[in-house]
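What follows is a short report on a single structure.
Just so it is clear, the model here is predicted, and its values are computed rather than measured. Throughout, protein chains are lettered first and strands after them, A, B, ... in sequence-line order, and every chain is numbered starting at 1.
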Amino acid sequence: MSEPLLNLQGVHTRIGAYHILHGVDLQVAKGEMTVLLGRNGAGKTTTLRTIMGLWPTAEGSISFQGESIASRPTPEISRRGIAYVPENMGIFSDLTVCENMLLAATGAKRAEDLDAARLEWIFGLFPALRKFWQYPAGLLSGGQKQMLAVARAIVEPRKLLLVDEPSKGLAPAIIQNMITAFRELKQTETTILLVEQNFNFARQLGDQVAVMDGGRVVHAGSMAALAEDEALQQHLLGLSLASHQ
Amino acid sequence: MTSSTATVPAPEALPKVKTDLLPLLLLPAIALAALPLTGSFSTWVTLTFAGLAMGMIIFIIASGLTLVFGLMDVLNFGHGLFITLGAYIATSVIGRMSGYVESPSLVRNLMAVVPAMLIAMLVVGAVGFVFERVIIRPVYGQPLKQIMITMGGMIVGVELVKVIWGAQSIPLPLPAAISGSLLFGDAAVEKYRIIATVVGLLVFAVMLWVLSRTKVGLLIRAGVQDREMVESLGYRIGLLFFGVFIAGAALAGLGGVMWGMYQQTITPEMGGAINVLLFIVIIIGGLGSVGGCFIGALLVGLVANYTGFLAPKVALFSNILLMVLVLLWRPQGLYPVVKR
């Protein structure tokens, strides 16, 4: 693998008295989708939040494009081209869909300033957003909110997307739409670090996979290899793809 | 980029956007309920205008406080200092322009009052700058310490006011053209109360415009809901809070000038005395909600004036009673802000 876009070496995170990450090593290659798998409490969300600077890095290094971003202020990390879609989606429910998108477009002051061609592309990925454009985001369904959260992250070209469990709580039809949208996104060579618990979802999208347990990465490799190796799935995740489908 | 074939099952009809008008309807409901009790229409008109004017001034003062709490969960018990300071600066400015104030010409009156307001806002905004940096910044995220240190800051500030202007009360008379009343039939309405109502409405309109039509306003509304996400989008919430704090202090300074002219006498303790009222207003309205703060302030103003006339003993605790009743109805306030 060439120089990774994002490189975590021995990252430790402590939240108050709790030691959550115990030396995470993770590389995310440019233009690929890396999926972070693991059980509840394995440290996946904490890893994303630590990368974003929402939790301070206690030890270790995080570099993005070769420059250290460990414990830098969150806005600075964001302005380097990293977009974050949190597990709770982070939708501003009192604001309209349009206003939510506008806030994510750093150069735009009004809706008219948004890149029209890119907006059309986003509407192609998530048609519901066009329909609800002037509606308070709080009125959207769970699936539509998730689409807005992803759309907001890509309203401008980003170097890296951090997406936390986009399939969580969604109906199967909506999950399929989400997979289609992420496939389209991958064609633009956007680099994505995706946290997922839904292995079937992850398998269809991931190029690389890292499995976390106990605050560490315990396996890293290609998704194709993991998808084909039921014994490894059973060992790492306590499940097999066959039984998951 | 190519358009994908991703389709999203959408509902048949667009969901209806519900506008919650009930809190707004409380205002005419209370006013109409007071009409038969006051005994005469003219008295009711006088009381209603007094209540609206008082409410508008309280709104001007409290609007910054509610946004400061909404953005950073900061409880600033020192807000009263900004009110006191605004009023005292106005006396200094207006005192040097007595010729303008005593003139029967409205234009000449305004040539004294408007600069007094602007200077008060500028100076109090600057004091707000220092207050945030020195007193509030070290205690972010520590509510108990915030209460103690902001109250302490106010006590020190008030003592400094006494050092500069003296501990005694100072008259702040209304300019000649603004004093006196206008007659609407048998109802006498003080001119100043009409002006205070108009200024309050203007401040509210400007604030609504900023919050709904500008990107900074969107950021403030978003920050009140989820400041972590605002930071994740690349904006420095601390800077936004700092700006809102200074603007809120400046508005409190303006409110102090208006409150001083409403009372026509100012004392170093005037800000502290109104502090409790401010917290009642922002709790009634829903912490962080500007619209709620506006309705809450008008409710407090109307109820204080009606009960003051109808049952003076009840007036002593009428606003606490109002807060209890509102919270029993809506525990999060009239227009609660959805927070994460």
Side-chain angles (χ1 to χ4, degrees), chain A residues 52-54 73-80 82-86 88-95 99-100 102-104 106 108-110 117-118 120-121 123-129 131-132 135-136 138-141 143-144 147 152 162 171 173-174 176-181 183-184 187-188, chain B residues 1-20 67 70-71 141 208 210-241 286 288-292 332 335-340:
Chain A
M52 277 310 288
L54 294 166
T74 302
E76 184 193 316
I77 292 169
S78 168
R79 285 198 295 268
R80 286 177 184 238
I82 303 179
Y84 175 49
V85 181
N88 68 12
M89 297 177 270
I91 297 299
F92 306 116
S93 52
D94 285 354
L95 271 57
E99 289 168 340
N100 268 275
L102 189 57
L103 283 186
T106 47
K109 289 185 175 169
R110 296 166 301 165
R118 193 163 181 91
E120 277 305 313
W121 174 64
F123 286 151
L125 295 173
F126 307 119
L129 298 185
K131 188 173 180 179
F132 294 108
Y135 270 68
L139 291 181
L140 301 182
S141 69
Q144 289 160 346
M147 290 169 195
R152 195 173 57 182
L162 307 178
I174 305 289
Q176 200 50 50
N177 288 141
M178 202 58 83
I179 289 171
T180 311
R183 279 192 179 136
E184 175 87 13
Q187 286 173 19
T188 65
Chain B
M1 282 169 225
T2 55
S3 248
S4 97
T5 53
T7 54
V8 179
E12 286 299 310
L14 292 173
K16 197 172 179 184
V17 180
K18 289 178 186 167
T19 309
D20 185 9
L67 283 176
L71 271 176
L208 281 187
V210 170
L211 287 174
S212 60
R213 300 285 175 195
T214 68
K215 192 147 182 182
V216 169
L218 288 184
L219 279 169
I220 293 169
R221 286 164 61 204
V224 167
Q225 284 182 58
D226 189 345
R227 55 177 172 261
E228 198 173 79
M229 195 62 224
V230 169
E231 293 221 294
S232 297
L233 291 175
Y235 302 99
R236 290 165 63 190
I237 195 87
L239 197 62
L240 191 66
F241 169 79
S289 161
V290 170
Q332 303 296 317
Y335 287 111
V337 173
V338 181
K339 274 200 163 234
R340 297 204 181 279

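With S78(A) contributing its side chain and S232(B) its backbone, the two residues share a donor-acceptor pair below 3.5 Å.
Using a 4.5 Å cut-off on side-chain heavy atoms (C-beta onward), S93(A) and Q225(B) make contact. Using a 4.5 Å cut-off on side-chain heavy atoms (C-beta onward), M52(A) and E228(B) make no contact.
By the side-chain hydrogen bond (donor to acceptor under 3.5 Å, both in side chains) test, T214(B) pairs with no residue at all, sequence neighbours left out. With sequence neighbours excluded, the residues satisfying side-chain hydrogen bond (donor to acceptor under 3.5 Å, both in side chains) with Y235(B) are K215(B).
Rounding to the nearest 0.5 Å gives a distance of 6.0 Å between CZ of F92(A) and CE of M229(B). Separating the CG atom in L102(A) from the CG atom in L233(B) is a distance of 11.0 Å, to the nearest 0.5 Å. Here L211(B) contributes atom CG and D94(A) contributes atom CG; the two are 11.5 Å apart, rounded to the nearest 0.5 Å. In this structure, CG on N88(A) lies 6.5 Å from CG on D226(B), to the nearest 0.5 angstrom.
When heavy atoms are compared at a cutoff of 4.5 Å, R152(A) approaches chain B solely by way of its side chain, counted from C-beta outward. Interface remark: A83(A) contributes no atoms to any contact with chain B (heavy atom separation under 4.5 Å). Interface remark: L95(A) contributes backbone and side-chain atoms alike to the contact with chain B (heavy atom separation under 4.5 Å). Looking at V216(B), neither its backbone nor its side chain comes within 4.5 Å of chain A, counting heavy atoms on both sides.
For the set A108(A), P73(A), G53(A), the count of heavy-atom pairs under 4.5 angstrom toward chain B peaks at A108(A).
More than 12 heavy atoms of other shown residues, nucleotides or ligands fall within 6.0 angstrom of atom CZ in R79(A).
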Task: salt bridge (charged side-chain N to carboxylate O under 4.0 Å, His left out) between E76(A) and R236(B), intermediate numbers included - done: CA-CA 9 Å; E76(A) 184 193 316; R236(B) 290 165 63 190; over 6 Å; no

